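Okay, structure first, notes after.
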Amino acid sequence: MDFFTLFTPDGVQLDYSVMALVIAIMFMYTFVGICAGFGGALTTMPLITLLLPLKMAAPMSVIVGTATALYATWLSRKETNWRSALVLIVFSFAGIPVGIYALSYLPDHIMKIGLGGFLILYSFYSLFIPRLPVYDKNWIAMPIGVIAGALGSAFSTNGPPVVIYGMLRNLAPAAFRGTLNAFFTANNIAIIGGLTTSGILTVSTVKLVMFCIPTMILGSLVGQYVHKRISVNVFRVMVFLLLIASGAMLIKGATGISALSALLPVFGLLLVLHLLFGKKVAAIRAANQS
C-alpha cells in the first residue's frame with residue numbers, strides 16, 4: 001500500500017485534494033492557539049469535519065492537543081494545583097466512554113449538529129458573560145470532569161468545561177493554566193487509549209497528523225509574529241465570530257438548510273445582545289482588568 005494512500009475509519013479512501021485541504025487547515029490550529037491563547041481545536045474542528053468524518057477529525061485534534069498540552073504541563077508543573085487536576089482527571093475517565101460511544105454509534109449528522117450547537121453556545125457565553133460568581137467548592141470538579149471527558153472524546157473540545165471550573169474556583173492565573181494543562185494531558189492520553197481500543201483511531205489518522213506537522217510549525221511561527229502586533233482582545237472576538245459561523249455552517253451541512261437560514265438567526269441574536277449588553281459587559285471586563 002502506498003504510504004500516502006489514506007482511509008477513513010469506515011474504509012473510504014481519502015482524495016488527495018481533501019488531504020491537502022486538511023493539512024492547510026491545520027495551520028490554523030497553532031496559529032489561533034498562539035495568537036489568542038486558546039481556540040486552536042475549536043476553530044479547526046468544524047472546518048475539518050466539513051471534509052472528514054468526525055471519527056477521523058476528532059482523533060486528529062486529540063493527538064495534536066496532547067502534544068502541545070504535554071509540553072505546557074512541564075513548563076507550568078510548579079504552579080499546578082495538582083489536587084484539583086487529579087479530581088478532574090479521575091472523573092473525566094467516567095465521561096470518556098460516553099463520548100466514544102456517541103462517536104461510534106450516533107449518526108454523523110447528529111454529532112455535527114451537536115458540535116455546531118455547542119460551539120455557538122460557548123461563543124455566546126464567552127462574549128457576553130463577563131465573569132462567573134466564585135463558587136470555591138471541591139465537589140464541582142466531579143460533574144465538570146465527567147462532562148469534559150465526554151466532550152473531549154466525542155468532539156475534542158474538553159477545554160470549555162474546565163475553563164468554567166477554573167473561573168468558578170477563582171484559581172490564580174498561574175495555577176489556572178497549570179491545572180488546565182495537566183488535565184488536558186492526562187485526559188487526552190486516556191482518550192487516545194479509548195479511541196485506539198475502540199478502533200476509531202487508525203494508522204491513516206496518525207499518518208495524516210504527521211503530514212500536518214510542517215504547516216503547524218509554520219502556523220506557530222506566524223502566530224508568534226502576529227501575536228506581537230495585534231490586540232489579543234480583538235483577536236479573541238474574531239475567533240468567537242469564526243466559531244459562531246463555523247457552528248452555523250456545521251448545522252447547515254447536517255440539516256440541508258440554506259446558509260442564510262443557518263447564519264442569519266445566530267448573527268441577528270448576536271447583534272441584539274451586543275446592542276443590549278455590549279457596553280455593560282465591556283465596562284465590567286475593564287474594571288476587572290484595572
Side-chain angles (χ1 to χ4, degrees), residues 1-35 39-70 99-100 102-104 106-116 119 152-157 188-189 191-223 239 242-243 245-254 256 259:
M1 184 187 299
D2 184 2
F3 181 77
F4 295 99
T5 302
L6 305 183
F7 297 89
T8 70
D10 297 323
V12 179
Q13 183 175 337
L14 285 181
D15 188 87
Y16 288 118
S17 61
V18 171
M19 292 167 54
L21 285 172
V22 171
I23 292 170
I25 289 172
M26 287 304 287
F27 166 91
M28 186 182 295
Y29 191 106
T30 49
F31 173 74
V32 172
I34 294 295
C35 276
L42 288 173
T43 50
T44 52
M45 270 291 288
L47 298 176
I48 292 177
T49 53
L50 295 175
L51 300 169
L52 301 175
L54 204 57
K55 289 181 182 179
M56 196 168 193
M60 274 191 67
S61 186
V62 172
I63 292 172
V64 174
T66 303
T68 54
L70 185 62
I100 291 178
L103 192 61
S104 300
L106 288 183
D108 208 54
H109 70 279
I110 297 295
M111 295 292 287
K112 288 182 178 180
I113 291 173
L115 177 58
L119 291 176
S153 54
F155 300 124
S156 184
T157 53
N188 284 357
I189 290 173
I191 290 172
I192 289 174
L195 293 173
T196 303
T197 56
S198 65
I200 296 175
L201 178 60
T202 64
V203 174
S204 288
T205 301
V206 175
K207 288 198 291 186
L208 187 54
V209 172
M210 292 171 57
F211 298 158
C212 293
I213 290 175
T215 55
M216 293 178 65
I217 293 175
L218 180 61
S220 178
L221 295 175
V222 176
V239 169
L242 174 62
L243 289 180
S246 298
M249 293 307 291
L250 274 176
I251 294 173
K252 169 200 173 296

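FYI, side chains are in, hydrogens and waters are out, and symmetry mates aren't considered; it's all heavy atoms of this structure. Fair warning: this is a prediction, and the values are worked out from it, not measured in the lab.
Considering all non-hydrogen atoms of both residues, Thr49 and Lys112 come closest at O-NZ, 2.7 Å. When all heavy atoms are compared, the tightest approach of Leu208 to Leu52 is CD2-CD1, 3.9 Å. Annotation for Phe7 and Ser204: closest pair N-OG, 3.0 Å, computed over non-hydrogen atoms. Considering all non-hydrogen atoms of both residues, Ala102 and Met111 come closest at O-SD, 3.7 Å. Counting all heavy atoms, side chain and backbone alike, Ile192 lies closest to Val62 at CG1-CG1, 3.5 Å. Listed here is the closest heavy atom pair of Pro9 and Met56: CD-CB, 4.0 Å.
Note that CD1 of Ile25 is 7.0 Å distant from CE of Met28, once rounded to the nearest 0.5 Å. With values rounded to the nearest 0.5 angstrom, Met216 atom CE is found 14.5 Å from Phe211 atom CZ. Here the straight-line distance linking atom OG of Ser246 with atom CG of Leu115 works out to 9.5 Å at 0.5 Å rounding. The distance from the CZ atom of Phe27 to the OG atom of Ser220 is 10.0 Å, given to the nearest 0.5 Å. Atom CE of Met45 and atom CG of Leu50 lie 10.5 Å apart (nearest 0.5 Å). Rounded to the nearest 0.5 Å, atoms CG (Leu218) and OG1 (Thr30) are 8.0 Å apart.
With hydrogens and angles ignored, the 3.5 Å screen pairs no side-chain donor or acceptor of Thr205 with any backbone N or O of Leu201. For the pair Ser61 (side chain) and Ala58 (backbone), a donor-acceptor distance under 3.5 Å is absent. A donor-acceptor contact shorter than 3.5 Å is absent between the side chain of Asp10 and the backbone of Val12. Of the possible donor and acceptor atoms, none in the side chain of Thr44 sits under 3.5 Å from a partner among the backbone N and O of Tyr29.
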* Check the pair Ile48, Met26 against side chain to side chain contact (heavy atoms under 4.5 Å, CB included), reporting the backbone distance first and the verdict last. => CA-CA 9 Å; Ile48 292 177; Met26 287 304 287; 3.3 Å; yes
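With sequence neighbours excluded, no residue satisfies ring pair (Phe, Tyr, Trp, His ring centres under 6.0 Å) with Tyr16.
Looking only at side-chain heavy atoms (C-beta outward), Leu103 and Ser153 stay at 4.5 Å or farther from each other. Proximity of Leu51 to Leu47: side-chain heavy atoms (C-beta onward) are nowhere separated by under 4.5 Å.
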